Number of protein chains: 2
Amino acid sequence: MLVVWDMPKTRRSEHVTLKTIAEATGYSVTTVSRALAGYSDVAERTRKLIVETAEQLGYQPNITARQLRQKRTNTVGLILPTFSPRFSDPFFSELLAGIGNQAALSRYDLLISTQAPGPDELEAYRRIAGGQRVDGLLIVRAREQDPRIKYLQEIGLPFVVFGRSHLDQDYPYVDVNGELGLHVLTKHFIGLGHRRIGYISAPPDLTFAHLRLSGYRRALEESGIGYDERLVVIGDLTRRGGAQAAENLLALDPRPTAIIAANDLMALGVMEALRRKGLEPGKDVAVGGFDGVPESEFASPPLTTMRQPIYEIGQRICQMLIRLINGEHLAERHVLLQPELIVRQSSGQPIPI
Amino acid sequence: MLVVWDMPKTRRSEHVTLKTIAEATGYSVTTVSRALAGYSDVAERTRKLIVETAEQLGYQPNITARQLRQKRTNTVGLILPTFSPRFSDPFFSELLAGIGNQAALSRYDLLISTQAPGPDELEAYRRIAGGQRVDGLLIVRAREQDPRIKYLQEIGLPFVVFGRSHLDQDYPYVDVNGELGLHVLTKHFIGLGHRRIGYISAPPDLTFAHLRLSGYRRALEESGIGYDERLVVIGDLTRRGGAQAAENLLALDPRPTAIIAANDLMALGVMEALRRKGLEPGKDVAVGGFDGVPESEFASPPLTTMRQPIYEIGQRICQMLIRLINGEHLAERHVLLQPELIVRQSSGQPIPI
DNA sequence: CTTGACATCCGAAACGTTTTGGATTATACT
DNA sequence: AGTATAATCCAAAACGTTTCGGATGTCAAG
């Protein structure tokens, strides 16, 4: 009877290295290395022999050693700025998908770490970037005064930012025009007849918080409605945060007839809060979001939102980063995309004036 | 006037290493290394001096070098078996979130790569695992005869599988009881009065495809309805695939009164297909899924499904893997979880008999 | 004065690769 | 024959770290 689980006690018993092949073929380590790398200064005969022996022995280059020597890792890093221990935010998922696939296309690996913003946020960056584990880093969800940008600029590691920061330095970024986005979205609700439009903003250290808020404000002022700060509350970008913020807004008298959230996740939270109060989203109170995450489409009712091409942005920043790493020139160092209004049922019907 | 963008021409000009500190303090590289590592055989005075100088110079250990020497990377790997170039499947996102957060908790990094199943799938595994870039690997979406499991067992790298395979070997895994799951779900629809229940199965090389299918079959046979293979089609687990499969099922005469899909994404596709045909999901045709992805909750109508705790599974397999890497004993080497029936509106009302 | 114990330090090897700068031999050209 | 040229090969250094096996000096005990 065959005993099937005599687990290998020897972990990775004897790993085959260049030296193994050298000894097997009688050539030097140098020649083996150069043969496998395809240099022209090794005879065709020997190259063949070496390649065959390597294959036969199941040789796999030790990437760590190669990285150490070449000072190059073929890896891009991404440190998710996550507060709670979960990063299953659909926004990040989508972004991650774009980044990951683009990296794979360029035969780069992706190293992911998480680190909450805060005093020791830079620790993670120092460990990954300063430790030379990656050739470049992606920075997402840029903040007003972003220490990560400062740090990376200081140590001179290639990086690309999703979002913008209020710094004097120049750095490559991709961003979506949030000011315009919220202007368009707010106008949409105004056009439907709404006059009391609540807004759930984002934490003020995030750059996009200001931009989106001022788009909202401009739309109101241009329409002669005027900005009322009582209609603005701040949420933490989560679904739960959106629900809480909505409760505050709904406690106003008279209550807003429409609520816009700075991102879709909070808007979904708004819809939950409405339901809990016995109100029907899109009928009793109109709801709008920002992002265009997949969930927005399948919510009930489907959510009116400003779509930003998150997946494509992920691809793009990754591609830009890889170009930078390779020392190529970036045709566009600063990309500002336009979000697109997607009208769905959460907007509700025009209301009588 | 200050010119703000004199970009650093020197990439990572002169990196400070142990040697730098050694020269600065007058001690040897050995002592510096041991001082920073907190060994007891270095005097308190010198340790302090060295630590201070290191801090002042902004020393960051080169992780690659450390990895090479220690033969340990503190990294777990995950290779996503993705066909299309996108992995924004909510199932993977959720799983990834669980894995990533658990890894972060244990101060491990996560290396992600993508590779479509197929003849050169193992290439990616050889590169990552054979190249000693990670201390262990996670295998997700196990297949009947899974070459990945065979390979990793062969080279003796620690790994944990999500799902099961039909192999003789013993290996650590976490899985969800799909047979039971589909039995419960099918019974649920039968209980509502359905007699013609279509089933959209998964690609047959995936182990769970068989298990879920046989759960469906057993429920039908136990209820005296009998298994009709014309009611079973195979989908590719995507939304689009689900929609196509649904079209085939709806072309039957008489058409099924309920359709169950092997995963939520396809079930969402079924609902789309129904709508396109002018049928109302949950009313004209009942729909059921499997997974419990967030989208299922916000679909309209919300989707009846067998929930599996994807996020927690991600955490768990990651934790098991890290235990294995550290040579710890696994209390449970084989974990089989029970999925939970979540009844939502896509089930529809009981139908008259 | 010798011995042993202890505290503190360090040289050198090792991890597996790539690259530099020749060395050796054969071939072709004056 | 002598010399340039090309074709092959390789020893050694380098990447930055950790660790092995002492080395050195001090001090207390015998």
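Quick caveat: nothing in here was measured; it's all calculated off a predicted structure. The sequence lines fix the lettering, A, B, ..., with proteins before strands; numbering per chain opens at 1.
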Quiz item: Taking 4.0 angstrom as the limit, do B/Asp205 and B/Arg141 come out as a salt bridge?
Solution: no
Practice problem: Can you tell me the distance, in whole Å, between the CZ atom of A/Arg133 and the P atom of D/dT17? | Solution: 15 Å
Exercise. Please name the pair of heavy atoms, one in B/Leu137 and one in B/Ile128, separated by the smallest distance, quoted to 0.1 Å.
Key: CD2-CG2, 4.5 Å
Exercise. Look at the side chain of B/Ser33 and the backbone N and O of B/Thr31, then say whether any donor-acceptor pair between them is shorter than 3.5 Å.
Key: no
Exercise. Would you please name every residue forming a side-chain contact (heavy atoms from CB on, under 4.5 Å) with A/Arg164, sequence neighbours left out?
Key: A/Tyr171, A/Tyr173, A/Asp175, A/Leu211, A/Leu336
Quiz prompt | Side-chain touch B/Arg323/B/Met320, heavy atoms, less than 4.5 angstrom | solution = no
Self-check item: Nucleotide interval of DNA chain C bounded by contacts with chain B (heavy-atom cut-off, under 4.0 Å)
Solution: C/dT8 to C/dG16
Exercise. Please state whether the phosphate of D/dA14, meaning OP1 or OP2, lies under 4.0 angstrom from any side-chain nitrogen or oxygen of A/Arg69.
Key: no
Quiz item: How long is the line joining OH of A/Tyr27 and P of D/dA7, in whole Å?
Solution: 17 Å
Quiz item: How many angstroms lie between atom CZ of A/Arg72 and atom CD of A/Gln132, to the nearest 0.5 angstrom?
Solution: 13.5 Å
Self-check item: Closest-nucleotide ordering on DNA chain C, the 5'-leading residue of B/Val29 and A/Val29
Solution: B/Val29
Practice problem: Measure from the side-chain N and O atoms of A/Ser106 to the backbone N and O of A/Tyr108, and report whether any donor-acceptor pair falls under 3.5 Å. | Solution: no
Practice problem: Take the C1' atoms of the five end pairs on each side of the helix from C/dC1-D/dG30 to C/dT30-D/dA1, get both axes, and report the angle to 10 degrees. | Solution: 70°
Quiz item: Once you round it to whole Å, what is the distance between P of D/dT17 and CG of B/Asn74?
Solution: 16 Å
Exercise. Remember a base hit wins even if backbone is also touched, and classify B/Thr64 as base, sugar-phosphate or nothing at under 4.0 Å, heavy atoms.
Key: nothing
Quiz item: Can you tell me how far P of D/dT8 sits from CG of A/Leu49, to the nearest Å?
Solution: 15 Å
Self-check item: Electrostatic pair A/Glu332:A/Arg316 at N-O distance under 4.0 angstrom
Solution: yes
Quiz item: What pairs with A/His166 under ring-ring contact (aromatic ring centres under 6.0 Å, His included), at least two apart in sequence or on another chain?
Solution: none
Quiz prompt | All pairs passing side chain to side chain donor-acceptor pair (under 3.5 Å) where residues 46-64 of chain B contributes a residue, at least two apart | solution = B/Glu44-B/Arg47
Quiz item: Roughly, in whole Å, what's the span from NZ in A/Lys19 to C1' in D/dA12?
Solution: 15 Å
Practice problem: Mind listing the residues from residues 30-43 of chain A sitting with a heavy atom below 4.0 Å of DNA chain C? Number order is fine. | Solution: A/Thr30, A/Ser33, A/Arg34, A/Tyr39
Exercise. Check the distance between D/dA7's C1' and A/Arg45's CZ and give it to me in whole angstrom.
Key: 14 Å
Quiz prompt | Polar side chain donor-acceptor pair, B/Arg133 to A/Thr75, under 3.5 angstrom | solution = yes
